[in-house]
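Input: a single structure, listed below in structure tokens.
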Number of protein chains: 2
Amino acid sequence: MVRFVLMHTFTEENYLKTIYHCTLASGSATTNQIAAATNTRAASVTDMLKKLSEKKLINYAKYQGVTLTAEGEKIAIGVIRKHRLWEYFLVEKLDFKWDEVHEVAEELGHISSIELIDRLDKFMGYPKYDPHGDPIPDSNGRFKRQELKPVSGLAVNDTGVVLGVGDHSTAFLQYLEKASLTLGTKLTVIEIIDYDHSVVLQIADKKLNISREVAKNLLVAL
Amino acid sequence: MVRFVLMHTFTEENYLKTIYHCTLASGSATTNQIAAATNTRAASVTDMLKKLSEKKLINYAKYQGVTLTAEGEKIAIGVIRKHRLWEYFLVEKLDFKWDEVHEVAEELGHISSIELIDRLDKFMGYPKYDPHGDPIPDSNGRFKRQELKPVSGLAVNDTGVVLGVGDHSTAFLQYLEKASLTLGTKLTVIEIIDYDHSVVLQIADKKLNISREVAKNLLVAL
DNA sequence: GATAATTTTTAGATAAGTCTAAACTTATGG
DNA sequence: CCATAAGTTTAGACTTATCTAAAAATTATC
Ligand SMILES: [Mn+2]
Ligand SMILES: [Mn+2]
Ligand SMILES: [Mn+2]
Ligand SMILES: [Mn+2]
């Protein structure tokens, strides 16, 4: 099978992507975080960190966690671009639901051809956001991060439009689907229950109560 | 990354597909043939044959070559279905040329999801032939083999329509493209040169001389 | 039918990625 | 400020897929 010069393995790309996401989510990427996210053991992660460090894709000092180098980040963003474009394709062209696409896109996102992904991008009209509201980097790796707030951060009478999720699990996405809390939904906070911090929302002419857990992972633009 | 129960590795699938193609092309699949086709060494092939044999995907007896079992053939045809559907997609939807798609489809053809490929098939309207004229198996693995003849097998005054190629190399496909010998072209044999067995064709209002080598790999329906 | 040429298999290594168990650092809280 | 917990790394092993070199089997040739 084809492997191009300067190509990185499926596995290496996966680690880089994971490090990127960990850093974004929690400000840093530690061995255990990466192990949890990649479903491997800490010892395996350490091995890979050494390898990526030698390839100058991450900055690594024993026991100190890691950050991506410019080159490592470029690769990570490339993988994320592929992943999100494929998710968009699966939902918009092949009629998958938003909770069904992540696993398949995980595989598709490692197909090496850049030509392929650029043509796919063009075919779909250069979409800006994936089915979960996450921004799709352009072919130069540029994208705007949306300024989104979790519903748990809103006050009573605040209004927002659902534009993203903080949890991409099938379970959460299916819950939202069922509750009609899909992307683009406009909502207003009616009440915040003291006892359990659950939130009562007004959506069109209906009221809906969501738990704090849900509120934290439901992201809106004001 | 996801690996399903009863899934086979990328590599195993590749060997099965290669064995299928060898058997079709030359009636049998030998260690050296497989090694040449997969760009590996005979010793590596032997190792894999033992493994596939243990999994009951091939019938293997030392020194005697191999054949696919029913299960092995089913997997091979599944991979071929994916490969050809992706080639169709690349040409019809993403505007790749027929000589550019094989390598990319080689990667895409190993994405595990059956759901994906069935939806892709539907999205494209259940195409019957890939960009090289090869039949695309349906979701039950069924397909009709076309009865095609190489132009080298025609006699003077015979007429045919180009519907397939015997050589899928970039070089050959580009040659055909340049010579306007694309799929669907109608041709008549005007003359067969004794000296080198080259063939003079009448195509619309033009004459074209092709070598015996080309004539052998240009497949037509009468 | 013996010998030479070809093909295939075995033996022994290597590289990538993973694991468990044990050792080592760093962080914490009494 | 040190003892223990938590987090990380090392050591050693395993699996998959590959290789080269050498041995064995098959096939072709005289
Ligand atoms: Mn995803
Ligand atoms: Mn997504
Ligand atoms: Mn092909
Ligand atoms: Mn083809």
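In the text below, chain A, chain B and the rest are named by the order of the sequence lines, each starting its count at 1. Bear in mind that the values here come from a model prediction, so they are computed numbers and not experimental data. Excluded from the calculations below are hydrogen atoms, water molecules and symmetry mates; all remaining heavy atoms, backbone and side chain alike, are included.
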Between atom [atom1] in [X] and atom [atom2] in [N], what is the gap in whole Å?
X       : N      : atom1 : atom2 : answer
B:Phe10 : C:dA16 : CZ    : C1'   : 16 Å
A:Leu52 : C:dT18 : CG    : P     : 11 Å
A:Met48 : C:dA15 : CE    : P     : 16 Å
A:Asn14 : C:dA16 : CG    : P     : 17 Å
B:Lys55 : D:dT15 : NZ    : P     : 14 Å

Task: B:Leu108 side chain reached by B:His83 side chain, heavy atoms, under 4.5 Å - done: no

Task: Contact check, side chains of B:Leu154 and B:Ile192, non-hydrogen atoms, under 4.5 Å - done: no

TODO: Going 5' to 3' through nucleotides 4-11 of chain D, assign each nucleotide B (protein heavy atom under 4.0 Å from a base atom), S (under 4.0 Å only from sugar-phosphate atoms) or - (no protein heavy atom that close).
DONE: ---BBBB-

Open item on the list: To the nearest 0.5 Å, what is the distance between CG on A:Asp99 and CG on A:Leu176?
Closed with: 10.0 Å

Write down the protein N/O and nucleotide N/O pairs, taken from nucleotides 3-5 of chain C, whose separation is under 3.5 Å; answer none if there are no such pairs.
none

Open item on the list: Looking only at side-chain N and O atoms, does B:Thr30 offer a donor or acceptor that is under 3.5 Å from a partner on B:Asn32?
Closed with: no

Open item on the list: Please verify the inter-ring angle class for B:Tyr175 with B:Phe172; under 30° counts as parallel, over 60° as perpendicular, anything in between as tilted.
Closed with: parallel

Task: Salt bridge B:Glu54-B:Lys50, side-chain N to carboxylate O under 4.0 Å - done: no

